[in-house]
Amino acid sequence: MPFETDLFISYTHIDNQPLIKGQEGWVDRFQFSLASLLERWMGEKAHIWKDERLSGDDNFAKEILSQFPKTAVMLSVVSPRYIKSDWCKQEVGKFCEVAEQTLGLEVKNKFRLVKVVLAPIERSQLPHPAMIKGLGFEFYEVGSDQTPREYDPYFGAEWGEKFLDTVQKLAFQLSLLLKLVAEAEAEAKAQAKALTDTINGAKPETATTTPSTPSTQSKPTVYLAECSFDQRTARETLDVELKRHGYRVLPDQELPKDEEAYTAQVAECLRQSQLSIHLIGSAYGMVPDGPSQKSVVVLQNELAIQQSRNTGLKRLIWVPDGIAPKQKEQVDFINLLQTNADAQFGADLISSREPEAIKGAMHSALQKLEQKQAAAAAAVPKSGQDGRKMIFLICDEKDLMSTIPLNKLLKARGFDVEIPLFEGDAAAVRQTRVDLFGRASGVLVFYGEGGAQWRASIDAELRKHSGGQHDKAIYTCLAGPETVAKRYLIATEEPNVINCLEGISEAAVLPFLTAMNGVRG
């Protein structure tokens, strides 16, 4: 079903009650401003649905439930009342359930669940686990008296500016998310058609659609480091600039608050990135709960150094002249950045006070990365003989003869097939696998006699050499003998796993073949 509604606003009616008799409610004001700004970014009318009539104490209404299959994104206005509302919990839960049954709750690393937060809320109190990972926008500040204050034009010009500024940022991010959802919906339709054509015996059509704008998958991924409060405006400017030009920006979800989980998630984001940008301000930054008591700014720099040493991650560090840190920890950290070669490893240090300096350095670095990627792609085309797509069929040597039926099937469908090298010194064998992976349009791991430990080592190797790429079809083919580990993968519906325990057949391999039809050669 095509999405008829761009945005479903979930909220409690308490949060839309006027502060003064005769006033408009906060949610109504928010919706009006959001719709106007969202339409500017989208270039067309935004279709927004909000419950105008039903009470949160009513039975869960069919009218609301009927909206979810045709809704692209849910936006929750989160408040103390919202997290206590069983009604709102049902809304979020049902939307997530329906989303998973249709296009999926997560689309191209973005969640179709967005939250607008009106007051400090503990992550653990959110009505659904998916809300932790979705985009979040805070519409409040905690004052010096520790009282949270909502962004609201009725509190004065300053608060009105903050309200509109945050709505503008939200509208821009929503426009990007809606575009991704629309692209994913179109791809799902194309894949469904290709699957139907295959089942009916029709020859797959050659793509003749008009080329779309470059996706984030064909551009370098950028890690835009979290910063202290005094650099947030500069960070948000870079964030918008990058996304406007089609770059994927990480982190793209809320990071944990404890140090161990925080460093693990940042390390994974950096592993997927080709450029990291660090904005250093006068404040030390937030300190996660953990033993080191280092700020997120320091931790991210240390993790980026490690990634730069491992993979050559390019880095930019902006320490503008004239900043005057007051905390000793920040004074020491800035001094380290400016004088210690290890702290600068893999980075260009920019000291100009003008924000345009870091923006210019960012675009220059990205241009060089793109040129390097283009040269590498030209030097090693992802195709086999006569321009046909090549599949790297990975197997254990014990399974070599068992892969023959699969090898023949793939070749009969017009693909070239390469297998690993099994003889020679370890370095040569490993390098051959790396080269074949680089050339392949798709990878099929034949999981038979090799065992769970063998498969784990292959998965780790594929993750290492993929470098965050998403332009290959990578699947695992389960073959005999049957084991508990293989049955577990089937029972848990592990993605990109095809079941050939009963034997190799075209029907069993069809998901991989369909995915290969969507990969450019």
Side-chain angles (χ1 to χ4, degrees), residues 5-19 24-35 37-38 48-52 54-57 60 64 67-68 71-99 105-106 110-143 146-153 155 159 162-174 177 232 251-257 286:
T5 301
D6 295 312
L7 197 64
F8 178 102
I9 298 180
S10 172
Y11 70 105
T12 66
H13 289 263
I14 287 179
D15 292 318
N16 199 33
Q17 290 180 353
L19 300 178
E24 187 180 34
W26 190 94
V27 180
D28 288 334
R29 277 196 303 283
F30 166 77
Q31 180 184 356
F32 179 84
S33 299
L34 178 62
L37 291 167
L38 181 57
I48 299 177
W49 197 94
K50 176 167 67 68
D51 165 22
E52 303 287 359
L54 300 170
S55 166
D57 296 325
F60 195 63
I64 289 181
Q67 298 297 318
F68 295 152
T71 296
V73 175
M74 171 179 273
L75 185 149
S76 296
V77 181
V78 182
S79 67
R81 173 57 183 158
Y82 191 92
I83 62 176
K84 294 178 181 179
S85 169
D86 291 334
W87 172 272
C88 294
K89 290 178 183 177
Q90 288 185 67
E91 281 188 344
V92 176
K94 281 293 183 182
F95 175 80
C96 292
E97 179 183 327
V98 172
L105 185 59
E106 186 177 1
K110 302 288 185 183
F111 280 84
R112 293 165 55 195
L113 196 58
V114 178
K115 56 186 180 289
V116 160
V117 187
L118 299 184
I121 300 292
E122 289 292 331
R123 288 157 55 99
S124 60
Q125 294 178 314
L126 292 169
H128 195 280
M131 296 187 76
I132 296 174
K133 298 181 178 180
L135 286 171
F137 293 81
E138 294 181 351
F139 276 75
Y140 71 92
E141 282 184 15
V142 178
Q146 300 305 304
T147 301
R149 289 178 172 81
E150 291 178 4
Y151 294 164
D152 193 325
F155 290 148
W159 296 97
K162 292 179 178 180
F163 173 83
L164 288 176
D165 182 59
T166 310
V167 174
Q168 173 79 295
K169 294 167 186 172
L170 169 61
F172 174 72
Q173 298 290 352
L174 283 174
L177 177 57
R232 286 178 187 169
D252 55 3
Q253 55 186 254
E254 187 177 346
L255 294 174
K257 303 301 182 186
M286 186 193 75

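This one's a predicted model, so the numbers in the text were calculated from it and none came from an experiment.
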- Task: List the steps, then state whether side chain to side chain contact (heavy atoms under 4.5 Å, CB included) holds for Y11 with W26.
- Result: CA-CA 11 Å; Y11 70 105; W26 190 94; over 6 Å; no

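- Every side chain to side chain donor-acceptor pair (under 3.5 Å) that D15 has, sequence neighbours left out, goes to T12, S79.
- For P18, the side chain to side chain contact (heavy atoms under 4.5 Å, CB included) partners are Q23, not counting sequence neighbours.
- Annotation for M131 and L113: closest pair CG-CD2, 3.5 Å, computed over non-hydrogen atoms.
- Residue K89 holds its NZ atom at 12.0 Å from NE2 of H128, rounded to the nearest 0.5 Å.
- A 4.5 Å side-chain heavy-atom check between K94 and I64 finds every atom pair outside the cut-off.
- Proximity of a side-chain donor or acceptor of N16 to a complementary backbone N or O of D28 within less than 3.5 Å is detected.
- Rounding to the nearest 0.5 Å gives a distance of 10.5 Å between CD of Q168 and CG of L38.
- Of the inter-residue distances, the one linking L19 atom CG with Q17 atom CD reads 9.5 Å to the nearest 0.5 angstrom.
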- Message: The test is side chain to side chain contact (heavy atoms under 4.5 Å, CB included); show your working for E91 and W87 and say whether it passes.
- Response: CA-CA 6 Å; E91 281 188 344; W87 172 272; 3.2 Å; yes

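- Considering CG of L37 and CZ of F32, their distance stands at 9.5 Å, rounded to 0.5 Å.
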- Message: Let's go through L34 and Q31 carefully: what are the C-alpha distance in whole Å and the side-chain angles of both, what is the deciding distance for side chain to side chain contact (heavy atoms under 4.5 Å, CB included) to 0.1 Å, and is it a yes or a no?
- Response: CA-CA 5 Å; L34 178 62; Q31 180 184 356; 5.7 Å; no

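- Rounding to the nearest 0.5 Å places CG of L177 at 8.0 Å from NZ of K110.
- Note: Q67 CD to F8 CZ = 7.0 Å, rounded to the nearest 0.5 Å.
- The minimum heavy-atom distance between I121 and P80, with the atom names listed, is CD1-N, 4.0 Å.
- Using the six-membered ring where Trp is involved, W159 and F155 have ring planes that are perpendicular, over 60° apart on the 30 and 60° scheme.
- Side-chain N or O atoms of R112 include one that pairs as donor or acceptor with a backbone N or O of A72 at under 3.5 Å.
- The closest side-chain heavy-atom distance from D152 to F163 is not below 4.5 Å.
- Residues K50 and V27 approach most closely at CD-CG1, 3.6 Å, considering heavy atoms.
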Just list the side-chain donor-acceptor pairs under 3.5 Å for residues 136-143, sequence neighbours left out, or say none.
from, atom 1, to, atom 2, distance (Å)
E141, OE1, K162, NZ, 3.1
E141, OE2, Y151, OH, 3.0
E141, OE2, K162, NZ, 3.0

- Message: Assess the residue pair V92 and Y82 against the criterion (side chain to side chain contact (heavy atoms under 4.5 Å, CB included)); give the C-alpha distance rounded to whole Å, side-chain angles, the decisive distance to 0.1 Å, and a yes or no.
- Response: CA-CA 11 Å; V92 176; Y82 191 92; 3.3 Å; yes

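- The backbone N or O of R29 lies less than 3.5 Å from a partner atom in the side chain of S33, making a donor-acceptor pair.
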